[in-house]
**Q** 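So that we are looking at the same thing, I have put the structure below in structure tokens.
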Number of protein chains: 2
Amino acid sequence: MADRRPATVKDVAASAGVGIATVSRVFSGAGSVSAPTRERVLAAARALDYRPSALGRGLKLRRSGGIGLIVPDVTDPFCAELVAGVLACARTLGEHVIVDAAGGDPAREAEIVERLVEQRVDGIIALPAGDEADWRGAARVCSSVVFAGRTLPGMPDVPSVLADDAGGVRSLTEYLAGLGHRRIGFLGATPGGPSRVRERAFRGTLGRLGVPVEEDLVVAARPARDAAYAAAAGLLQRRADVTAVLAAGHILGEAAVLVARELDLRVPADVSIAMVDDVAWAELCDPPLTAVARPGHDVGYRACELLLREPARRGRGGPVLLPTELVVRGSCGPLRSQRR
Amino acid sequence: MADRRPATVKDVAASAGVGIATVSRVFSGAGSVSAPTRERVLAAARALDYRPSALGRGLKLRRSGGIGLIVPDVTDPFCAELVAGVLACARTLGEHVIVDAAGGDPAREAEIVERLVEQRVDGIIALPAGDEADWRGAARVCSSVVFAGRTLPGMPDVPSVLADDAGGVRSLTEYLAGLGHRRIGFLGATPGGPSRVRERAFRGTLGRLGVPVEEDLVVAARPARDAAYAAAAGLLQRRADVTAVLAAGHILGEAAVLVARELDLRVPADVSIAMVDDVAWAELCDPPLTAVARPGHDVGYRACELLLREPARRGRGGPVLLPTELVVRGSCGPLRSQRR
DNA sequence: GGGGGCTATGGAAACGTTTCCACCGAGGGG
DNA sequence: CCCCTCGGTGGAAACGTTTCCATAGCCCCC
């Protein structure tokens with residue numbers, strides 16, 4: 001009774017009294033097999049508990065039937081949504097997904113790409129952390145790469161699916177400006193950061209609205225808890241006349257909320273707060289936080305579709321932009337008077 | 001210049017003027033190769049951009065060098081932590097991880113297991129949703145399974161790594177009782193649910209403390225947003241004399257907070273709230289929520305270690321229990337007077 | 001000085017699949 | 001009545017590894 005090793009086509013063929021080619025045809029669906037033969041083969045397979053080995057098939061077909069997915073951190077809500085989207089799409093296409101987290105480290109990203117290539121994945125979806133230099137090698141080495149959630153400006157040849165961050169920041173900025181705010185702090189310009197899409201959108205929108213941009217109000221911060229907190233505290237203490245804060249990400253938003261609470265600033269009476277990323281706590285916060293929701297799930301889903309389903313259309317017409325949505329809650333109020 | 005197909009051992013061997021066995025030895029590390037030969041091989045490999053195919057190796061070795069990970073939902077914070085833990089451990093052991101989300105559907109779980117077996121994964125880590133019947137088949141079919149985050153009582157043969165939920169609920173209950181609360185509502189007893197560990201811990205602790213358990217205060221709720229909200233609203237409206245609520249999960253906790261706010265109950269003056277799962281928003285909430293932190297990352301990490309590193313010790317001595325931590329914040333206060 | 005290890009190497013056989021090719025029989029059109 | 005086609009089938013060769021076995025040289029010790 002001890003099925004030492006899993007059954008193979010050969011076992012099934014012998015047991016069903018047919019050739020191995022026939023067994024293969026039954027399971028791969030290709031070629032023609034008569035109904036009675038097919039039944040016999042299926043019965044034998046069931047009896048032997050046979051499951052085709054993806055390894056054997058992959059070797060022959062030269063593809064593993066899986067894709068790779070690289071994100072900075074699976075516990076980040078946006079990344080998690082993105083992962084879920086990729087999984088959902090991959091499931092419908094019958095591919096499995098090898099997920100790994102690079103922790104924002106370009107070297108680890110490169111290492112992961114290397115491993116994925118060894119696995120002969122059919123393609124890679126990445127939310128890249130490094131810059132172009134880090135990914136040129138990877139792109140050359142792998143059949144097909146799609147960027148999701150972030151793109152590398154210098155690599156237009158790699159297709160990408162993005163949330164419309166610029167649009168999101170624009171509506172947030174317009175919303176705050178529409179409430180009368182003029183001295184709006186912006187948290188989150190990554191100084192050496194590659195794209196700075198959000199910062200540019202902020203500056204651009206203010207400019208278009210005729211509101212002067214004070215350099216002092218645009219503060220850089222890596223999206224790490226301590227750095228974010230330091231940046232928020234610095235801004236709010238340095239400039240007591242700031243009436244609104246726009247945080248370019250949920251970590252920054254969290255910092256802004258915490259710092260405001262620490263400084264005994266009432267939200268939104270003393271200072272309005274809004275942020276990019278409509279994470280779970282935005283609604284639970286008191287007051288609930290106005291935020292821009294980025295369609296993480298859809299970004300992942302579309303990226304996977306692009307990778308597997310439309311290799312032809314890939315990379316044409318620049319990045320696919322998915323709309324964000326402004327979710328207005330209670331954390332932003334009309335400009336009343338100066339703080340302090 | 002067109003590298004039509006990726007280079008193979010054969011190409012490298014020819015280019016380096018050695019046999020394929022030698023190339024294999026260089027890359028797999030086994031056997032002995034003289035230094036000069038090794039150099040020649042490595043140089044040739046670099047020149048040809050050679051990467052060993054995991055498919056070929058897997059076929060020969062009869063293992064893919066990867067593991068499968070099944071969770072209900074990657075966007076759930078606890079699951080995400082668990083995934084991160086598994087990834088971290090797998091990385092150190094050089095294995096890749098195929099992740100999939102079953103959405104709490106036993107049929108989908110079974111389907112995923114099937115696919116993973118076809119991939120010839122070295123093992124499977126699962127946070128199971130179904131009951132024993134659903135997993136007996138899977139366990140039989142797969143070499144090694146480890147449950148993480150939840151176990152199936154009827155399957156002691158499958159090793160598991162769990163957060164000490166009972167301990168967590170106990171400390172939460174003791175904490176609330178210690179503040180003087182006697183009429184404590186419990187949100188989250190899943191009625192048909194298999195294990196009900198948390199509910200039992202709640203009842204048991206109250207019993208030990210000599211506090212009578214009122215059946216009316218123990219309310220069932222699936223961990224879905226709408227059901228949770230309904231349960232919380234039902235409890236707080238039906239029993240205006242409840243002075244504290246213990247939510248058995250973050251979804252339930254969220255519902256409790258929202259309902260309390262809706263009913264204009266001040267926290268903690270009118271009602272104390274505490275929950276299992278120290279998610280991000282617990283700290284951001286106003287007042288910040290007292291919660292029990294479950295070590296999701298460690299659960300994943302240990303499960304992976306158990307699966308890959310200690311196949312011998314597996315399953316001995318029952319589930320591995322990892323301690324939870326009570327994080328006291330501002331949402332629970334001493335019993336003052338009756339509400340209303 | 002010869003035998004017995006020991007290191008470095010190559011050939012070849014697996015691993016489990018898909019698929020090309022060949023073959024066989026039956027049926028239909030010339 | 002023969003040839004051609006076509007559906008159904010089996011054999012065998014790949015796919016890229018690892019590893020067993022054999023071989024060749026070498027040093028060392030008796």
Side-chain angles (χ1 to χ4, degrees), chain A residues 3-42 44-45 48-66 94 115 117-122 143, chain B residues 3-42 44-45 48-66 94 115 117-122 143:
Chain A
D3 293 334
R4 224 49 248 125
R5 285 139 57 134
T8 73
V9 261
K10 213 174 285 188
D11 302 322
V12 176
S15 159
V18 301
I20 58 168
T22 302
V23 176
S24 171
R25 273 186 288 255
V26 167
F27 279 91
S28 65
S32 59
V33 182
S34 73
T37 310
R38 155 172 287 114
E39 283 316 313
R40 276 221 316 288
V41 169
L42 288 177
L48 293 176
D49 229 33
Y50 167 73
R51 297 144 220 280
S53 158
L55 261 31
R57 166 181 306 131
L59 181 56
K60 180 62 187 169
L61 264 16
R62 290 199 171 82
R63 39 182 301 251
S64 67
R115 292 188 59 80
V117 171
E118 287 193 7
Q119 294 297 325
R120 300 295 191 263
V121 291
D122 301 348
S143 46
Chain B
D3 293 336
R4 220 54 245 123
R5 287 138 58 134
T8 73
V9 259
K10 212 174 287 188
D11 303 323
V12 177
S15 160
V18 301
I20 58 168
T22 301
V23 176
S24 171
R25 273 187 287 257
V26 167
F27 279 91
S28 66
S32 59
V33 181
S34 72
T37 310
R38 154 171 288 111
E39 283 317 312
R40 275 221 316 288
V41 169
L42 287 177
L48 293 177
D49 227 32
Y50 167 74
R51 294 144 222 281
S53 159
L55 260 30
R57 166 182 304 134
L59 181 57
K60 180 64 186 165
L61 299 190
R62 287 205 180 78
R63 39 182 301 251
S64 65
R115 293 187 59 81
V117 171
E118 287 194 8
Q119 295 296 326
R120 299 295 190 265
V121 290
D122 301 348
S143 45

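It should be emphasised that the depicted structure is a prediction, and the values quoted were computed from it without experimental measurement.
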**Q** For A/Val9, report the nucleic acid contact type (base, sugar-phosphate, nothing); a contact means any heavy atom under 4.0 Å.
**A**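 If one applies the 4.0 Å heavy-atom cut-off, A/Val9 turns out to touch a base.
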
**Q** Less than 4.5 Å apart, side chain to side chain, heavy atoms only: is that true for B/Arg57 and B/Pro52?
**A**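 With C-beta onward as the side chain, the pair touches.
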
**Q** Could you state the atom-to-atom distance from CZ of A/Arg63 to P of C/dT17 in whole Å?
**A**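 In whole Å, C/dT17 P and A/Arg63 CZ are 17 Å from each other.
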
**Q** Let me know the distance between CZ of B/Phe27 and C1' of D/dT17, rounded to the nearest Å.
**A**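 Answer to the nearest Å: 13 Å.
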
**Q** What contact category does B/Gly19 fall into here, base, sugar-phosphate, or nothing, at under 4.0 angstrom with non-hydrogen atoms?
**A**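 Sugar-phosphate only.
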
**Q** Between the protein and nucleotides 12-14 of chain D, are there any N/O to N/O pairs under 3.5 Å, and if so, what are the atom names and distances?
**A**
residue : atom : partner : partner atom : Å
D/dA14  : N3   : A/Lys60 : NZ           : 3.1

**Q** How is B/Gly17 classified with respect to the nucleic acid when contacts are heavy atoms under 4.0 Å: base, sugar-phosphate, or nothing?
**A**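 Here B/Gly17 touches the backbone only, sparing every base.
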
**Q** Using 0.5 Å steps for rounding, measure from the CZ atom of B/Arg51 to the CD atom of A/Gln119.
**A**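 B/Arg51 CZ to A/Gln119 CD: 13.5 Å, rounded to 0.5 Å.
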
**Q** In whole Å, what is the span from the CG atom of B/Leu59 to the C1' atom of D/dC15?
**A**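 B/Leu59 atom CG is separated from D/dC15 atom C1' by 9 Å.
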
**Q** Using whole Å, what does the distance between atom P of nucleotide C/dC15 and atom CG of A/Leu61 come to?
**A**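 The answer, rounded to whole Å, is 20 Å.
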
**Q** Whole angstroms only, please: what is the NZ-P distance between A/Lys10 and C/dT18?
**A**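 Going from NZ in A/Lys10 over to P in C/dT18 covers 14 Å.
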
**Q** When you measure from the side-chain N and O atoms of B/Thr37 to the phosphate of C/dA8, is any distance below 4.0 Å, counting only OP1 and OP2?
**A**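 The answer is no; no side-chain N or O of B/Thr37 sits under 4.0 Å from OP1 or OP2.
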
**Q** Rounded at 0.5 Å granularity, tell me how far CD in A/Glu39 sits from OG in A/Ser34.
**A**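 Going from CD on A/Glu39 over to OG on A/Ser34, the span is 10.0 Å.
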
**Q** Using only side-chain N and O atoms of B/Ser32, determine if any of them is under 4.0 Å from OP1 or OP2 of C/dA8.
**A**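 The answer is yes; a side-chain N or O of B/Ser32 sits under 4.0 Å from OP1 or OP2.
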
**Q** Counting C-beta onward and ignoring hydrogens, is there a side-chain heavy-atom pair between B/Val33 and B/Val41 closer than 4.5 Å?
**A**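 Not in contact.
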
**Q** From C-beta outward on A/Ser34, which listed nucleotide comes closest to its side chain: D/dT19, D/dT17, D/dG8?
**A**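 Within the option list, the nearest is D/dG8.
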
**Q** Go through the steps to decide whether A/Thr8 and A/Ser53 satisfy the test side-chain contact (heavy atoms from CB on, under 4.5 Å), and finish with yes or no.
**A** CA-CA 8 Å; A/Thr8 73; A/Ser53 158; over 6 Å; no

**Q** In the structure I gave you, are the side-chain heavy atoms of B/Leu42 and B/Phe27 within less than 4.5 Å of one another anywhere?
**A**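 A side-chain contact under 4.5 Å exists here.
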
**Q** If you compare every side-chain N and O of B/Thr22 against the phosphate oxygens of C/dG10 (OP1, OP2), does one of them come in below 4.0 Å?
**A**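 Looking at the OP1 and OP2 atoms of C/dG10, one of them is under 4.0 Å from a side-chain N or O of B/Thr22.
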
**Q** Flag the pair A/Arg5 / B/Arg62 as yes when at least one side-chain heavy-atom distance between them is below 4.5 Å, and no otherwise.
**A**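 The answer is yes, as the side chains (C-beta and beyond) meet within the 4.5 Å cut-off.
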
**Q** Quickly work out the B/Arg25 CZ to D/dT17 P distance and round it to whole Å.
**A**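 B/Arg25 atom CZ is separated from D/dT17 atom P by 15 Å.
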
**Q** Let me know the distance between CZ of B/Arg38 and C1' of C/dT7, rounded to the nearest Å.
**A**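 After rounding, the reported distance stands at 13 Å.
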
**Q** For a quick test of reading the model: is some side-chain N or O of A/Ser24 closer than 4.0 Å to OP1 or OP2 of C/dT18?
**A**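 Looking at the OP1 and OP2 atoms of C/dT18, one of them is under 4.0 Å from a side-chain N or O of A/Ser24.
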
**Q** Mind calculating the distance between CG (B/Leu55) and P (D/dC15) to the nearest angstrom?
**A**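 B/Leu55 atom CG is separated from D/dC15 atom P by 14 Å.
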
